[in-house]
Amino acid sequence: MSKKAISAPTGAPAAIGPYSVAIASGDLVFVSGQIPLDPKTMQLVEGFDAQVRRVFDNLAAVCKAAGGSLADLIKITVYVTDLADFPKLNEIAAEYLDEPYPARATIAVAGLPKDALVEIEGIMRKPG
């Protein structure tokens with residue numbers, strides 16, 4: 001099965017290393033972890049709430065570039081530096097995601113790139 005790199009040059013930050021923002025293979029799209037970088041400035045937004053919203057906005061842009069939307073995510077993995085932020089994460093996620101929600105794992109980590117507080121990666125099934 002072939003693979004195709006996906007980028008979202010106007011709505012999500014470019015990769016900051018040797019990886020693709022997303023890879024499409026068949027009807028699946030594997031979205032690399034998105035941290036809360038503003039795609040225009042490539043700087044982190046500040047505060048946990050703003051970071052979660054920026055990450056979901058970045059994910060939405062990548063999904064759109066791949067021909068789908070957040071509604072097409074079937075699995076996400078969330079990395080946070082503080083599990084005390086878990087309730088706020090759930091509250092904001094419910095604003096961006098619709099039922100049936102994607103499957104999810106949430107993992108507490110010691111650190112994330114650029115000292116982000118949250119990172120989310122996903123698997124999307126292309127619609128149709």
Side-chain angles (χ1 to χ4, degrees):
M1 190 172 290
S2 66
K3 65 181 185 176
K4 176 185 172 193
I6 305 290
S7 64
T10 60
I16 58 173
Y19 62 90
S20 297
V21 171
I23 290 288
S25 182
D27 64 346
L28 296 178
V29 177
F30 300 85
V31 181
S32 292
Q34 295 294 304
I35 61 173
L37 288 175
D38 180 309
K40 292 181 178 117
T41 66
M42 291 300 286
Q43 299 298 312
L44 283 181
V45 297
E46 293 191 28
F48 185 78
D49 293 17
Q51 287 199 7
V52 173
R53 291 179 195 289
R54 180 75 257 165
V55 167
F56 274 111
D57 290 342
N58 292 348
L59 283 170
V62 176
C63 289
K64 181 178 180 182
S69 70
L70 292 177
D72 300 306
L73 287 169
I74 56 176
K75 169 76 166 76
I76 60 174
T77 304
V78 180
Y79 304 91
V80 293
T81 57
D82 188 347
L83 280 176
D85 292 323
F86 191 72
K88 182 51 84 171
L89 169 72
N90 282 336
E91 180 183 318
I92 296 170
E95 296 173 19
Y96 282 86
L97 302 171
D98 296 319
E99 292 187 42
Y101 300 119
R104 181 178 88 181
T106 302
I107 303 161
V109 296
L112 291 167
K114 297 194 175 274
D115 293 324
L117 302 175
V118 61
E119 178 175 356
I120 303 176
E121 66 180 5
I123 300 172
M124 183 190 93
R125 182 174 303 280
K126 291 182 191 177

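The closest donor-acceptor contact from the side chain of Gln51 to the backbone of Val45 lies under 3.5 Å. A distance-only check finds a donor-acceptor pair linking the side chain of Asp72 to the backbone of Ser69 [under 3.5 Å]. A donor-acceptor pair under 3.5 Å is formed between the side chain of Ser25 and the backbone N or O of Ser2. Of the possible donor and acceptor atoms, none in the side chain of Asn58 sits under 3.5 Å from a partner among the backbone N and O of Pro13.
In this structure, the side chains of Val52 and Glu91 stay at 4.5 Å or more apart for every pair of heavy atoms. Considering only heavy atoms from C-beta on, Gln34 comes within 4.5 Å of Val21 through its side chain. Side-chain contact between Ile16 and Ile35 is present, with at least one heavy-atom pair separated by less than 4.5 Å.
From Ser32, atom OG reaches atom CD1 of Ile120 across 14.0 Å, with rounding to the nearest 0.5 Å. The distance from atom CG of Leu89 to atom CG of Asp49, rounded to the nearest 0.5 Å, is 10.0 Å. Of the inter-residue distances, the one linking Leu28 atom CG with Lys3 atom NZ reads 14.5 Å to the nearest 0.5 angstrom. In this structure, CG in Leu83 is found 8.0 Å from OG1 in Thr106, a value given to the nearest 0.5 Å. A distance of 7.5 Å separates CG of Leu59 from CD1 of Ile76, quoted to the nearest 0.5 Å. A distance of 13.5 Å separates CD1 in Ile107 from OG1 in Thr81, rounded to the nearest 0.5 Å.
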(request) Show the numbers, then the answer: is there a side chain to side chain contact (heavy atoms under 4.5 Å, CB included) between Leu70 and Leu73? (result) CA-CA 5 Å; Leu70 292 177; Leu73 287 169; 3.7 Å; yes

(request) Start with the C-alpha distance between Phe56 and Leu97, add both sets of side-chain angles, then the distance that settles side chain to side chain contact (heavy atoms under 4.5 Å, CB included), and finish with yes or no. (result) CA-CA 9 Å; Phe56 274 111; Leu97 302 171; 4.1 Å; yes

(request) Might you work through the side chain to side chain contact (heavy atoms under 4.5 Å, CB included) test for Asp57 and Tyr96, ending with a clear yes or no? (result) CA-CA 9 Å; Asp57 290 342; Tyr96 282 86; 3.1 Å; yes

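Residues Val62 and Tyr79 do not share a hydrophobic cluster, defined by chaining ILVMFWY side chains whose heavy atoms lie under 4.5 Å apart. Linking ILVMFWY side-chain heavy atoms closer than 4.5 Å, directly or via other members, places Met42 and Tyr19 in a single hydrophobic cluster. Note on Val55 and Val109: separate hydrophobic clusters, where clusters join Ile, Leu, Val, Met, Phe, Trp and Tyr whose side-chain heavy atoms are under 4.5 Å apart, directly or indirectly. A continuous path of ILVMFWY side-chain contacts below 4.5 Å connects Val80 to Leu117, so both sit in one hydrophobic cluster. The cluster map of Ile, Leu, Val, Met, Phe, Trp and Tyr, joined by side-chain heavy atoms under 4.5 Å apart, puts Ile92 and Val31 in the same cluster.
With sequence neighbours excluded, no residue forms a ring pair (Phe, Tyr, Trp, His ring centres under 6.0 Å) with Phe86. Under the ring pair (Phe, Tyr, Trp, His ring centres under 6.0 Å) criterion, Phe30 pairs with no residue at all, not counting sequence neighbours.
Pairing each heavy atom of Glu119 with each of Pro113, the nearest pair is OE1-CD, 3.6 Å. Closest approach of Ala22 and Val29 over heavy atoms only: CB-CG1, 3.9 Å. Ala5 approaches Ile23 most closely through the heavy-atom pair CA-CD1, 3.9 Å. Nearest approach of Ala8 to Ala61, heavy atoms of both residues: CB-O, 3.6 Å. Heavy-atom minimum distance, Lys114 versus Leu37: CD-CD2, 3.8 Å. Residues Pro39 and Ala12 approach most closely at CB-C, 3.5 Å, considering heavy atoms.
With a 6.0 Å radius and a threshold of 12 heavy atoms from other residues, nucleotides or ligands, Lys64 has its NZ atom at or below the threshold.
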